[in-house]
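Remarks on the structure that follows.
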Amino acid sequence: MEELAVIDVYWGSGSPYCWRVLLALERKGLPWRSHLLNTDLQEHKAPQIVAMNPRGRLPVLRDGDYIVFESLAVLYYLDLKYPAPPLFGHSPEEAGVIMRVINEFQAYTEADLMRLVNELQSPAPRFGEGLTRAMHTVAREARTIEGRLSKGDWIVGDAVSAADIAIYPCIRLLHRALLRPGAQELATRFLPAEVHYPQLARWLRRVEALPGFGKTLPPGWQGLPVFGESAG
Ligand SMILES: N[C@@H](CCC(=O)N[C@@H](CS)C(=O)NCC(=O)O)C(=O)O
């Protein structure tokens with residue numbers, strides 16, 4: 001059997017987009033070499049990175065001579081290049097649903113969710129009107145995902161897919177941000193997740209039980225209990 005070349009991944013700690021790529025690589029059992037960049041030091045704007053991604057954004061994946069960036073494009077590339085196990089389902093119909101769910105999440109939830117995360121991570125979070133609107137959007141969309149998960153273990157179909165891999169890091173980042181001391185005002189709306197979103201809570205644990213999950217944890221998260229053990 002042909003030995004797989006090691007895939008290089010340039011990533012930043014705490015980035016949901018980077019986390020997607022690591023989860024996909026582990027899901028497929030592919031060997032990867034970590035290049036963890038310090039974004040505080042602007043290492044992602046170094047000429048070597050900008051040569052690969054002119055936007056100077058992470059993640060960037062290099063597989064031999066081939067370079068790809070934008071997390072979803074990376075997932076799609078990996079799935080076509082290394083088909084088993086599939087990330088985009090077993091049929092064109094399933095692929096369509098997976099892509100649709102990811103696009104819906106990106107179009108209608110992700111920006112508001114990241115806005116909440118960023119605000120809650122700031123030294124003095126400000127809960128203005130915009131943040132309240134963002135909270136309502138995220139709560140509504142979380143309810144939609146909760147509904148999907150009430151019908152099965154995974155967001156689409158009967159196995160973990162790109163939909164789970166794309167959405168999990170964002171939800172987990174939000175959960176972590178909600179546990180911060182300044183977040184109580186918002187946190188009561190979402191936590192304990194087991195009460196407000198029981199299916200989502202079970203799904204988080206399911207993702208975290210996947211083989212190789214521990215290797216994808218951002219530094220500083222190592223040793224953090226899996227979801228549920230840490231939830232307030
Ligand atoms: N749409 C991109 C987003 C990539 C992105 O924004 N990455 C962030 C890390 S969370 C980044 O590199 N930010 C640095 C910057 O904007 O200069 C993807 O899905 O990969």
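Computed from a prediction, not measured in an experiment: that's the story for all the values here. Positions are given from 1, in the same order as the sequence printed here. Each ligand, and each atom within it, is numbered from 1 in the order the structure gives.
Ser15 contributes a side-chain N or O that, together with a main-chain N or O of Cys18, makes up a donor-acceptor pair within less than 3.5 Å.
The hydrophobic cluster around Val60 extends to Tyr10, Leu37, Ile49, Met52, Leu58, Ile67, Phe69, counting ILVMFWY residues whose side-chain heavy atoms fall within less than 4.5 Å of a member.
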Can you give each donor-acceptor pair under 3.5 Å made by side-chain atoms of residues 163-171, sequence neighbours left out, with the distance rounded to 0.1 Å?
| from | atom 1 | to | atom 2 | distance (Å) |
| --- | --- | --- | --- | --- |
| Asp164 | OD1 | Ile155 | N | 3.0 |
| Asp164 | OD1 | Trp203 | NE1 | 2.8 |
| Asp164 | OD2 | Ser161 | N | 2.9 |
| Tyr168 | OH | Glu208 | OE2 | 2.6 |

Audit row: Leu131, Arg126, side-chain contact (heavy atoms from CB on, under 4.5 Å) steps and yes/no: CA-CA 8 Å; Leu131 210 66; Arg126 281 177 307 153; over 6 Å; no

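The contact shell of ligand 1, taken as protein residues with any non-hydrogen atom closer than 4.0 angstrom, comprises Ser15, Tyr17, His44, Lys45, Arg57, Leu58, Pro59, Glu70, Ser71.
Residues passing the side chain to side chain donor-acceptor pair (under 3.5 Å) test with Tyr108: none are found, sequence neighbours excluded.
The CZ atom of Arg20 sits 14.0 Å away from the CG atom of Leu25 when rounded to the nearest 0.5 Å.
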